[in-house]
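All values derive from a computational prediction rather than experimental measurement. Residue numbers start at 1 and run along the sequence shown.
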Amino acid sequence: MSTAAVPVRQLDDRTVRELRQAAEKILAECGTSATTPHLLQRVAQQTAGFGDTLRHHCRPVDTADGLFVLRGLDVDDEALGPTPAGWAAAGDSGARHDIQLLLLATVMGNPLAWEGQQDGRFVHNIVPSPGHESEQTGASSAVLLSPHTEDAFHPGRAHLLMLGCLRNHDGIATTAASIRRARLADQDIALLTRPVLPILPDDAYAEAQGYAAEAPPPVPALFAAEDGLTLRFDPAYTPLDEAHAAYRAAYRRLEAELARVSVAVSLTPGEVLVVDNDLVVHGRVPFRARYDGSDRWLKRASVRVPGRRSRPPAEAGEHGYGQAALEAHAR
């Protein structure tokens with residue numbers, strides 16, 4: 001895994017101040033960062049007034065890396081208070097940062113929430129949680145979080161994933177690998193663009209895992225979009241043993257290629273990693289959680305980009321295991 005530099009977009013002081021003041025104004029009016037119609041309306045109103053400089057920083061991913069880091073937001077470690085012991089204990093901890101991330105997400109597209117995740121909030125707290133150390137979810141710590149497409153099981157998954165760092169004293173790295181950096185044989189691409197296996201709901205979606213109304217739909221791991229390959233990939237929740245040998249071998253070669261081109265991104269407070277969820281799989285290295293209030297703390301937002309065409313049309317017919325993705329703004 002490489003620790004090579006990734007594309008960075010440095011926010012200037014004026015833009016940082018503009019974001020902070022907008023977030024503070026909304027927080028003062030709403031009194032919370034929890035999802036309400038009034039909060040979302042105020043976010044949309046504030047972003048409509050942002051200038052060209054911020055919009056340029058939030059332009060689409062424009063390299064084969066499939067990601068970039070926004071750098072320069074201000075984070076006061078002492079003022080934050082302790083890292084929550086789990087998302088359910090977080091409440092409005094870091095509320096200004098929730099709203100800042102939601103503002104950025106709204107400039108980039110349309111923020112998403114899920115009815116069954118973190119009380120339907122549009123910004124999630126990603127912190128290690130006691131009892132979840134070995135799961136394949138953001139609450140884990142002791143295991144490698146396998147590289148995956150965010151919410152790969154669902155046709156309404158985000159186009160962009162945003163991870164904003166509030167605390168990372170131990171330099172714990174997020175891993176990322178772009179399909180546009182991988183080298184695959186034509187025969188493997190031909191196999192992996194066929195809908196052979198389903199991707200099942202991950203452990204963060206307990207209700208979806210019990211969905212039995214219809215059979216899980218098979219989906220392609222790769223898709224040839226107009227501008228190049230995209231992927232939908234989550235090996236931890238793909239029943240690979242059900243596929244024929246040639247497909248399994250091609251899938252394993254895809255895994256190996258993604259591992260070869262993977263980079264490690266160790267975020268520092270005030271940085272936001274923006275990942276194109278159609279190009280890049282992401283994960284996290286293992287670490288030992290202390291649960292003493294000083295552990296790694298990220299904020300996560302998911303974004304759909306209206307009008308984007310980077311996925312197979314057949315996805316429109318998928319049932320999504322009964323889960324509904326909620327969009328922040330009607331467009």
Engineer: Could you pull out the closest heavy-atom pair between V16 and L11, with the gap in Å?
Structural biologist: CG2-CB, 3.8 Å
Engineer: With a cut-off of 6.0 Å (strictly less than), are more than 12 heavy atoms of other residues, nucleotides or ligands near CG of D62?
Structural biologist: yes
Engineer: Is there a side-chain contact between Q46 and K25 (heavy atoms, below 4.5 Å)?
Structural biologist: yes
Engineer: With a 3.5 Å cut-off and no angle check, do the side chains of R180 and T63 form a donor-acceptor pair?
Structural biologist: no
Engineer: Verify whether one side chain among T268 and E271 offers a donor that lies under 3.5 Å from an acceptor in the other.
Structural biologist: yes
Engineer: If you look at every heavy atom in A23 and Q100, which pair is closest and at what distance?
Structural biologist: CB-CG, 3.5 Å
Engineer: So, D203 versus Q209: side-chain donor-acceptor pair below 3.5 Å or not?
Structural biologist: yes
Engineer: Can a side-chain donor-acceptor contact be found between E150 and N277 if the only test is distance below 3.5 angstrom?
Structural biologist: no
Engineer: Can you list everything that forms a side-chain hydrogen bond (donor to acceptor under 3.5 Å, both in side chains) with R232? Sequence neighbours excluded, please.
Structural biologist: E315, E318
Engineer: Tell me whether the count of non-hydrogen atoms from other residues, nucleotides or ligands lying under 6.0 Å of CZ in R59 goes above 12.
Structural biologist: yes
Engineer: Can you confirm whether or not the ring centre of Y237 sits under 6.0 Å from the ring centre of H148?
Structural biologist: no
Engineer: Would you check if there is a donor-acceptor pair between the side chains of D151 and W114 at a distance under 3.5 Å?
Structural biologist: yes
Engineer: Sort and list the pairs that fulfil ring pair (Phe, Tyr, Trp, His ring centres under 6.0 Å) and have at least one residue in residues 29-57, not counting sequence neighbours.
Structural biologist: none
Engineer: If you define the side chain from C-beta out and look only at heavy atoms, does anything of R304 sit under 4.5 Å from R157?
Structural biologist: no
Engineer: Any chance the side chains of Q323 and Y205 put a donor and an acceptor closer than 3.5 Å?
Structural biologist: no
Engineer: Is it the case that the side chains of T174 and R296 hold a donor-acceptor pair, with the cut-off being a distance below 3.5 Å and no angle test?
Structural biologist: yes
Engineer: Is it the case that atom CG in D76 sees more than 12 heavy atoms from other parts of the structure closer than 6.0 Å?
Structural biologist: yes
Engineer: Has E207 got more than 12 heavy atoms of other residues, nucleotides or ligands less than 6.0 Å from its CD?
Structural biologist: no
Engineer: If you measure only the distance, is there a donor-acceptor pair under 3.5 Å linking the side chains of D278 and T230?
Structural biologist: no
Engineer: Please, which pairs that meet salt bridge (Lys or Arg N to Asp or Glu O under 4.0 Å) have at least one residue in residues 30-51, sequence neighbours excluded?
Structural biologist: E29-R42
